[in-house]
Amino acid sequence: MTDKQMNKVWRLARTPTQGWPQAEDFRWSEEPLPEPGSNQMLTRTIYLSLDPYQWGRRRQGVEVPGVVCHGRTVCQVLRSRLKGFDEGDLVFNTNGWQSHGLTGEDISVFGYMFPRKLDPSQAPISTAIGVMGMLGLTAYSGLIVQCQPRPGETVVVSAASGGVGQVVAQLGRIYGCRVVAIAGSEEKVRFLNELGVDAAVSHRSDNFAADLAAACPDGCDVYFENVGGQVFDAVLPLLNQHGRISLCGLVSQYGNQDGLDPRDQWRKKGEQVFTRQQVQVHDLFVGNYVADYQETFLDEVGEYVRSGRLTYREDLRPGLEQAPEVFAQMLKGDNFGKTLIGVSQDPTQSG
Ligand SMILES: NC(=O)c1ccc[n+]([C@@H]2O[C@H](COP(=O)([O-])OP(=O)(O)OC[C@H]3O[C@@H](n4cnc5c(N)ncnc54)[C@H](OP(=O)(O)O)[C@@H]3O)[C@@H](O)[C@H]2O)c1
């Protein structure tokens, strides 16, 4: 059997024992390709999405040792016994951290629920796991649906150069807001300025809190929270009366080992200010917005992307072998844009 015909797989080796990912948490294997049963198809993975929430699944035991690490993917159909899908089709599905996978009946809820054909003439196929996928919908649901920003209001967004954050920052500008973006490095700050935000500040600066306050002379009306920790500490005193927050994620806390729920801790820290300033806090779980907003989002944001009004930066790392290392780097900020692994050749990019 040639190398090409083997399935390369990352499985979870153990329920993580350390706060942040370790090499020992993952196990690599090469296995024969599976054969699709009835109502199933075999696809080869082209792009694999690496997302902070995958770490939560592993730490909380949702993903158990021995299973293929979960992850959303862009794939090409190799063999299909699934109605509506043919060999060669490009699809969004959930192969996880492996080079090939089965999609269809009896695979898994994640695998079966969401296979969707992709049309490369509408948008580059990688965007199905980025700006035109869950990340874009997260940004849209949190900023537009939950916080309803008004022209002239100040929107602050953390992890602003990342997958979700860069979409939030640009949507804020498109909706006529003053956007203040927070990121880690000077390089990311430069990128955000080029993207057209009104101000960008680095949370690594010694003067971060003062820099942020100076960038928000009229306070903060809407805060899109991706990070928590010290970034949240600096935003709290700037919140205006009737401010709104979309509590999207708290990535700085995902390695905590105190056993406490980061969202509870975050709320406790903010509650006095929230009460005094009558701030509305919206918990965000993107899955709750698919049924009602997916189509609107794809129409509206799709148009911004096609017209070039909304751009996106991907951090594409070739080679499934390096998924655990890139994953750990992403959680610490060593990514620059939406993180994805290039697993095999994208046929729309060849020639
Ligand atoms: N609620 C939902 O349904 C939902 C859906 C998708 C994503 N999310 C959440 O959205 C957030 C962003 O996800 P993403 O996929 O777009 O990831 P991402 O922003 O591309 O990558 C994570 C970023 O977090 C920042 N970061 C890490 N540690 C930090 C720290 N200690 N202080 C400040 N910033 C830190 C880093 O940016 P810097 O270099 O700029 O620090 C890093 O690039 C995450 O919290 C994720 O869990 C939630």
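Ligands are counted one by one from 1 in listed order, and the atoms in each one are counted from 1 as well.
- The proximity of F336 to ligand 1, defined as any non-hydrogen pair under 4.0 Å, does not occur for either the backbone or the side chain.
- Residue, atom and distance of the protein heavy atom nearest to atom 19 (O) of ligand 1 are G162 CA, 3.4 Å.
- A donor-acceptor pair under 3.5 Å is absent between the side-chain atoms of D25 and the main chain of P16, judged by distance alone.
- Every atom of ligand 1 is numbered from 1 in the order shown, and the set under 4.0 Å from a heavy atom of L284 is 1 (N), 2 (C), 3 (O).
- Of all atoms in ligand 1, numbered sequentially from 1 with element shown, those under 4.0 Å from a heavy atom of V286 are 2 (C), 3 (O).
- At least one N or O atom of H203 sits closer than 3.5 Å to an N or O atom of ligand 1.
- Of all the atoms in ligand 1, the ones that sit under 4.0 Å from a non-hydrogen atom of G163 are 16 (O), 18 (P), 19 (O), 20 (O).
- Looking only at heavy atoms of the protein, atom 47 (O) of ligand 1 is closest to Y254 OH, 2.7 Å.
- Residue nearest to atom 33 (C) of ligand 1, selected from V251, I182, V227: V227 (by heavy-atom distance).
- Residue, atom and distance of the protein heavy atom nearest to atom 30 (C) of ligand 1 are S252 CB, 3.6 Å.
- Residue-ligand proximity, V164 to ligand 1, at heavy-atom distances under 4.0 Å covers atoms 7 (C), 16 (O).
- With values rounded to the nearest 0.5 angstrom, L102 atom CG is found 8.0 Å from T43 atom OG1.
- One hydrophobic cluster holds both L135 and I174 under the rule that ILVMFWY side chains link at heavy-atom gaps under 4.5 Å.
- For the pair T339 and ligand 1, the shortest N or O to N or O distance does not fall below 3.5 Å.
- Of all atoms in ligand 1, listed by their number and element, those nearer than 4.0 Å to a heavy atom of G184 are 38 (P), 39 (O), 40 (O), 41 (O).
- Within the 4.0 Å heavy-atom shell around ligand 1 one does not find K338.
- For ligand 1, the atoms lying closer than 4.0 Å to a non-hydrogen atom of L250 are 45 (O).
- For Q22, the CD atom sits in a packed shell: over 12 heavy atoms of surrounding residues, nucleotides or ligands are nearer than 6.0 Å.
- Under a 4.0 Å heavy-atom criterion, T138 is in contact with ligand 1.
- Put simply, the side chain of R244 never gets that close to the backbone of Q280: no donor and acceptor are under 3.5 Å apart.
- In the candidate list N226, L135, L192, L247, N226 is nearest to atom 12 (C) of ligand 1, counting heavy atoms.
- By the criterion of side-chain heavy atoms lying less than 4.5 angstrom apart, applied directly or through intervening Ile, Leu, Val, Met, Phe, Trp or Tyr residues, L316 is grouped together with I125 in one hydrophobic cluster.
- If you take NE2 on H242 and CD on Q278, they are separated by 4.5 Å, rounding to the nearest 0.5 Å.
- For E87, the CD atom is loosely surrounded, since the number of other residues' heavy atoms within 6.0 Å does not exceed 12.
- Taking atom 13 (O) of ligand 1 as the reference point, the nearest protein heavy-atom neighbour is P52 CG, 3.7 Å.
- Of the heavy atoms in K188, only side-chain atoms (C-beta onward) come closer than 4.0 Å to ligand 1.
- Remark: R72 is not positioned above the aromatic ring of Y47, lacking an NZ or CZ atom under 6.0 angstrom from the ring centre and at most 45 degrees off the axis.
- A cation-pi geometry, defined here as NZ or CZ lying under 6.0 Å from the six-membered ring centre and within 45° of its normal, does not hold between R267 and F274.
- Near L331, the atoms of ligand 1 lying under 4.0 angstrom from a non-hydrogen atom of the residue are 27 (C), 28 (N).
- The closest heavy-atom contact to atom 8 (N) of ligand 1, among the options A159, C248, G249, S246, comes from C248.
- Other residues, nucleotides and ligands contribute over 12 non-hydrogen atoms within 6.0 Å of the CG atom of D258.
- In this structure a side-chain-to-backbone donor-acceptor pair under 3.5 Å is present from R44 to Q345.
- The nearest protein atom to atom 22 (C) of ligand 1, hydrogens excluded, is given as M330 O, 3.8 Å; this is a heavy-atom distance.
- Considering only non-hydrogen protein atoms, atom 21 (O) of ligand 1 sits nearest to N335 ND2, 3.3 Å.
- By the 4.5 Å heavy-atom criterion applied to side chains, S158 and F224 are not counted as neighbours.
- By the criterion of side-chain heavy atoms lying less than 4.5 angstrom apart, applied directly or through intervening Ile, Leu, Val, Met, Phe, Trp or Tyr residues, Y140 is grouped together with Y289 in one hydrophobic cluster.
- The G333 neighbourhood of ligand 1 comprises atoms 36 (C), 39 (O), 42 (C), 43 (O), with distances under 4.0 Å to a heavy atom of that residue.
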